[in-house]
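What follows is a short report on a single structure.
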Amino acid sequence: MEVSNSCSSFSSSSVDSTKPSPSESSVNLSLSLTFPSTSPQREAKQDWPPIKSRLRDTLKGRRLIRRGNDTSLFVKVYMEGVPIGRKLDLCAFSGYESLLENLSHMFDTSIICGNRDRKHHVLTYEDKDGDWMMVGDIPWDMFLETVRRLKITRPERY
Amino acid sequence: MNYFPDEVIEHVFDFVVSHKDRNSISLVCKSWYKIERCSRKEVFIGNCYAINPERLIGRFPCLKSLTLKGKPHFADFNLVPHEWGGFVLPWIEALARSRVGLEELRLKRMVVTDESLELLSRSFANFKSLVLVSCEGFTTDGLASIAANCRQLRELDLQENEIDDHRGQWLNCFPDSCTTLTSLNFACLKGETNVAALERLVARSPNLKSLKLNRAVPLDALARLMSCAPQLVDLGVGSYENEPDPESFAKLMTAIEKCISLRSLSGFLEVAPLCLPAFYPICQNLISLNLSYAAEIQGNHLIKLIQLCKRLQRLWILDSIGDKGLVVVADTCKELQELRVFPSDVHGEEDNNAAVTEVGLVAISAGCPKLHSILYFCKQMTNAALIAVAKNCPNFIRFRLCILEPHKPDHITSQSLDEGFGAIVQACKGLRRLSVSGLLTDQVFLYIGMYAEQLEMLSIAFAGDTDKGMLYVLNGCKKMRKLEIRDSPFGNAALLADVGRYETMRSLWMSSCEVTLGGCKRLAQNSPRLNVEIINENENNRMEQNEEDEREKVDKLYLYRTVVGTRKDAPPYVRIL
């Protein structure tokens, strides 16, 4: 069952969750005695809170996250050919138009829904069955239920 | 002394079922020992390293059912490395060699290989029941051997195991002649399921009472399965993410309505909320409901379902139900005996207002008079709440409270939670299992030692100030069997105060405490009937024996009583002193 502590309130004192340098390690060690669950070892070991692996994995795979009365739905977004992706909260958008606008801005290029052509990047998504589909065919609400991640394809070159 | 012939005494013993009672019987006199051991059918071994298979078989040649437990409890939380031990193969090999008529094998936290399963399936003609809980090391190929070769198989129950799913056809391996299944649970399998094979199997298993599917079994298949198994008592459903089309939904509802014997429901890993109403018709019959994996369902949907479950005795749920939801449970489920509330936010990503607090706990204790077991994860607690809970529910047998933030005090008074837990142990005279959390000083252990006379298992994390804490417990709780401690400042003085005590217990676990290598060595010195294991995965710390520093703290200590000495199968990072 696992832990990542970056948002915990009790870690608000400046415990850095990245690996400590040798000179900092003694400071971090004493801090980790006061705030044990912020120790970098614990993050890696995933032994607190005491829940079983299966539950931990289930919770990790969870997409919907409640924040107060809102929900967020974070999915990964990759540009084809670029190894490092981004993460996006789909609940922040009202529909496909605002999604495309935002993505175009984020990746600094024009992105469309629809058929691949030589000029534009086309947005695709992986659905819950693991299939890659064109974005835009189904109603937005249904899309939110089924989308797992997004991929922006490169323009086709003949 | 014996006025009756042995057969009569044996017949009387047949009525004595509990292991504890049979163990007591065998101590009365030699004659009873002999009669008892030859007639014992079920043997329970709480620690597979306390005894070896040869001695087991020597003493109980007629055994039919064996339960074995391997790794210590904290292995569930990644505190024990995978290769630590608990291998079942030597046991199966020995049982096979000795021609014991094994019919049932129940394993918990053991390493099971495909080879073991294959051997098991071929060695015991009457084998009927395999229950694996939190085990690892096998694949669906092993399951295929069990399916194919165990002609009398009634029960195959896989709970929370790590199984490598080869996406094979293990379900196809049940021969057409196999019609004896009463229980099939493969919920923990991660891969695809041959649904057609499953349907055929269920159709030819008229005695099937318990069926727990994995996530890969779709909704329409569920409807068909339930239609041909309306006699089901216990059902674990798969994953239904998509909102069902009206026709599928109608079929599901029809099928569910026919399952009037259904008493227990679980699964729901991913459920589109609109699927839940299909289950409303049978809610009134449910006595057990496990929604602890339903991470995607929001609290209000859960509440609607639970409101219909008036006969519920056991409820496992996520804290997304909220205090509001627990108030509904308290109002609705008057027969509730066991409640487990698991955390849904382990990464600290969410706002606090969604989860459960002391309010929910108090409501449950006030509303559910039959409550005797609770596991409760929450972000905050108060002494006042615990005192109220103790007053409302003096009948607790198991009380496990886990406050997610270590060392967190009473959030209103900022004091430690000693008084709250003190109230619990004082009121609950039958308490057998306790887990404590939050800010706790030595005082809470004084209370535990003083009042928790029936306590058999105690779990301590991030608690206490000095060795006195641990000493209070060891001196006071005479019935203690399992003590597990992590991240608490207990050291050698506590560890060594009464070494003989550990032979009256099954095991002691101490990790990230203050015990040193020297202390452990002294402990092991005069204790031939204890195995003292030091687990040290950090390669850099392993020094030559003449270089080692006895003042060095031991990362993980696990000690247990045994009559067979040091085990030979330990990996290199486990040192047995």
Side-chain angles (χ1 to χ4, degrees), chain A residues 1-12 17 29 32-39 41-74 89 127-130 138-139 141-142 144-148, chain B residues 73-74 76-80 134 136 159-162 187-188 190 215 239 241-243 269-270 272 292-299 318 320 342-355 375 377 379 400 402-408 435 437 459 461-462 486-487 489 511-512 537:
Chain A
M1 319 197 158
E2 318 6 294
V3 179
S4 129
N5 305 302
S6 42
C7 307
S8 308
S9 52
F10 59 84
S11 65
S12 57
S17 58
L29 207 59
S32 73
L33 284 173
T34 341
F35 307 112
S37 56
T38 65
S39 101
Q41 289 96 352
R42 187 137 300 112
E43 276 185 46
K45 276 191 206 161
Q46 304 172 350
D47 56 29
W48 186 265
I51 55 176
K52 293 193 179 145
S53 306
R54 201 171 152 221
L55 178 59
R56 202 179 284 273
D57 292 341
T58 304
L59 296 176
K60 251 201 303 207
R62 202 169 46 123
R63 303 172 308 134
L64 289 173
I65 298 173
R66 300 179 310 266
R67 275 180 213 287
N69 289 322
D70 303 319
T71 47
S72 26
L73 178 55
F74 280 94
D89 178 6
D127 72 5
K128 56 184 59 166
D129 296 326
I138 56 177
D141 291 330
M142 209 184 274
L144 288 182
E145 293 284 326
T146 187
V147 61
R148 285 284 176 265
Chain B
H73 175 233
F74 275 175
D76 282 349
F77 317 130
N78 296 328
L79 281 170
V80 177
S134 301
E136 57 174 354
Q159 299 176 29
E160 317 255 346
N161 302 290
E162 287 292 325
C188 58
K190 296 187 186 135
R215 67 194 316 148
S239 152
E241 302 175 291
N242 295 314
E243 285 168 22
L269 273 112
E270 286 164 24
S292 58
Y293 289 101
E296 304 277 356
I297 303 182
Q298 296 189 326
L318 288 171
S320 43
F342 295 94
S344 58
D345 172 27
V346 292
H347 300 286
E349 284 162 335
E350 305 192 17
D351 295 339
N352 277 340
N353 41 0
L375 169 60
F377 284 84
K379 293 187 177 170
R400 294 192 278 166
C402 182
I403 300 166
L404 291 169
E405 185 187 323
H407 301 133
K408 186 156 185 184
S435 298
S437 58
S459 307
F462 306 104
R486 61 169 288 180
D487 295 276
S511 60
S512 306
E537 296 162 87

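Numbers restart at 1 for each chain; the letters A, B, ... are given by sequence-line order, proteins then strands.
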Report summary line: So, the part of B:S292 with a heavy atom under 4.5 Å from chain A: the answer is backbone

Report summary line: Cut-off 4.5 Å, heavy atoms of chain A, and the answer for B:L318 is side chain

Query raised in the report: Do the non-hydrogen side-chain atoms of B:D76 and A:P50 ever get within less than 4.5 Å of each other?
Result: no

Report summary line: Here the gap from A:L55 atom CG to B:F377 atom CZ, rounded to the nearest 0.5 Å, amounts to 8.0 Å

Query raised in the report: Which answer fits B:A187, side chain, backbone, both or neither, if we ask what part of it has an atom under 4.5 Å from a heavy atom of chain A?
Result: both

Query raised in the report: Looking only at heavy atoms, what is the nearest atom pair of A:L59 and B:A295, with distance?
Result: CD2-CB, 4.0 Å

Query raised in the report: With no hydrogens and no angle check, is any side-chain donor or acceptor of A:D47 less than 3.5 Å from a backbone partner on B:L79?
Result: no

Query raised in the report: Excluding sequence neighbours, so at least two apart, what forms side chain to side chain donor-acceptor pair (under 3.5 Å) with B:E162?
Result: none

**Report entry** For B:S134, side chain to side chain donor-acceptor pair (under 3.5 Å) partners two or more places apart
**Finding:** none

